[in-house]
Amino acid sequence: MNKKEFIDNLMKKMTVAEKVGQLNQCGNSIYDESYKIGWDILRQGGIGSFLGITDVEKTNELQKVAVTETRLGIPLLLGFDVIHGFKTIFPTPWSEAFSWEPELARRTSEAASKEAAYSGINLIFAPMVDVSRDSRWGRLVEGAGEDTYLNAEFAKARVSGIQGKDLSDGEHCAACTKHFVAYGAAIGGRDYNSVDMSEQTLFNVYIPPFKAAIEAGTRSIMTAFHDFNGEPCTGSKYLLTDVLRNKLDFKGFTLSDSGSCSQIMTHGFSENDKDTAKIAMNAGLDVEMCYGKFTYSENLESLVEEGLVSIESLDNSVRRVLEVKYDLGLFDNPYRSTEAAKNALLTEKTRNLAREAARKSIVLLKNDGILPLNNEKAALAGKFAENRGEMIGCWPGLGEANDCVAPADAFDFPIADKNYENCDVVIAFVGETVDMNGEAKSRSKEVLPEDDLELLRNIKKAGKKLVTVIISGRPLVLKEVSKLSNAVLFSGALGAEAGNAYKDIIFGKYNPSGKLVSSFPESVGQQPLYYNLNHTGKALSDEERWATKYLDSKMYPPYYPFGFGLSYTQFEYSNLKVSNTNPKQNERITVSVDIENIGKYDGDEIVQLYTRDVVASSVRPVKELKGFKKVFIKSGEKKTVEIPLDIQSLGFYDRQLNYIVEPGEFVIMAGTNSEDCIKESIFVK
Ligand code: NOJ
């Protein structure tokens, strides 16, 4: 029997109530004393999936009840937030994107998916592919930064890693790409706040990473909490049907965020829970992730009876869920071996990967030559120096503090005394604590905590050399820090191998290669800030009188621009060439550039390719990332780096939401960051 026949047969046997059960995702409260009734509901076929249950004994127990004690024996989807690791913690996604190495993200996602799959989880609430241009927004840490193209590349890689080639191999989970859509554009950078934007911006900036995730085969998509142009995303027919199904051709199932279905009413968009269920179902929401309320399971049956929700829509939603269960192989084997699960967690292999990922996720922002250190007498300082727990960052999975290497565990240096007497160099580990970024953790000022700044000032006052290592979940204003420090390293929480990775970099065992994926402001009040802003009618300049600028703070270029990151060596760019300066719209051309390592160290360089549409029927950005390549170049060596450029990728969505490439001049730019580029023009026919 093929998949379709199997599901058709099964659905013929299902009552409406059992169908509704498949759309009901519950939390882990079934294990609470107060929610014993949950087991009865499960036995009646009233629950199709759970979230937050991670113990292999429990996942097996739940599957057993579903498979052997319900009328039709349908196995469960078991979801969990495996955002940057399950047991082995990898760098937070934003920091991992500093690697500009989607393949690395594919590998860490795959390793995390495997650990989770061995424990019986089969649905992962990742990747988060929300473009984040506002550093006040706390969830910036969960994505790949401010750029659309980069987010799309990481989206593809992470979906492929989570799902692997064969979803039924017992080592991969289904991905749930989130949060649909434009969540990062919350007004004022305040989490959950409204988003109000043109459809053109939606399609040009925020949709492409979702499109990429869909093309990579994501099996589910999570709807966002906020209202988009006046409609809660979770109840928006425009977003969930017109855009997601009809325009983007998404075939998997949609899942609300935790409680975002029942919150349609809190938004004031529905009258009561029944009305909510009707709106969400008719909009195209398949599964409700419940939080407190069970809007679907309590109302869908009667809505179908009354003809307010069609049986066809219900069937379509159920079919989408069953298809994923089928493809996961759950009907054949929903159980996982407890023994294998234990051995699959935090292995030497995953630790090595965590260390590799962590090293690549660090950006060197300043270096007056002090790094790498040699035989200096150094000491450690700062609140993170000995703190293992803070290496984990937001969304801890099952990560534990004692499984993480803190800086002090890796370095053989003492912790500095207050007078910094016994050392020449202080390495200070400071930044945002885990409760300063992530969900519901927006900040109005993206600055270093005052205590951290005081510490750095005191070290400087004591006349010591200062290497500042910042751990953060968002870009920060770093002007003073940079002035106080001889060197500055920046990363997000790096996970299990954080301390070792810092040591590798600080002693030059690994030459830093990371580059920023967000623009860092000169001062607070410059948000949203992003490199690919539209051309304005006035100058983008701090100097000119009539310009798009601030009176009280420099703005151009950003203090640290998008794509910026230093190395212990230097790279010189020359000889930018394009394979065809008059390409047709359906052509692919090659951009090549010579890069010479003119410094003393071997190292990786991340070569970035930007373009600019000079004249268009819609105002276009001053530049846009269209490609990049990471290359290893030995000291003294010169390499010609080639980056393919698809002329189709130079287009944009017009007012009617048609994707068009317009003929005319395009400037091609290649460089080491978004500011320092060399240029050439092409003329598209
Ligand atoms: C709320 C978050 O917005 C979402 O990202 C997460 O996956 C769910 N809760 C489940 O924990």
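Ligands are counted one by one from 1 in listed order, and the atoms in each one are counted from 1 as well. If you read the sequence from its start, that first residue is 1, and numbering goes on from there. For clarity, every value in this text was computed on a predicted model and none was experimentally measured.
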Open item on the list: Residues around ligand 1, heavy atom under 4.0 Å from any ligand atom, sorted by chain and number. Can you pull those?
Closed with: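 The 4.0 Å shell around ligand 1 contains L51, D81, F125, R139, K178, H179, M222, F225, D257, S258, M289, W395, E439.
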
Open item on the list: Using the side chain to side chain contact (heavy atoms under 4.5 Å, CB included) criterion, which residues pair with S198? Sequence neighbours excluded.
Closed with: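 In terms of side chain to side chain contact (heavy atoms under 4.5 Å, CB included), with neighbours along the sequence ignored, S198 is linked to Q200, T201.
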
Could you tell me how the ring of [X] sits relative to the ring of [Y]: parallel (under 30°), tilted (30 to 60°) or perpendicular (over 60°)?
X: F294; Y: Y35; value: parallel
X: F98; Y: F490; value: tilted
X: F562; Y: W100; value: tilted

- [ ] Under the side-chain hydrogen bond (donor to acceptor under 3.5 Å, both in side chains) rule, what do S361 and E96 come out as? Steps first, then yes or no, please.
- [x] CA-CA 5 Å; S361 303; E96 189 178 61; 5.8 Å; no

TODO: Verify whether one side chain among Y291 and Q25 offers a donor that lies under 3.5 Å from an acceptor in the other.
DONE: no

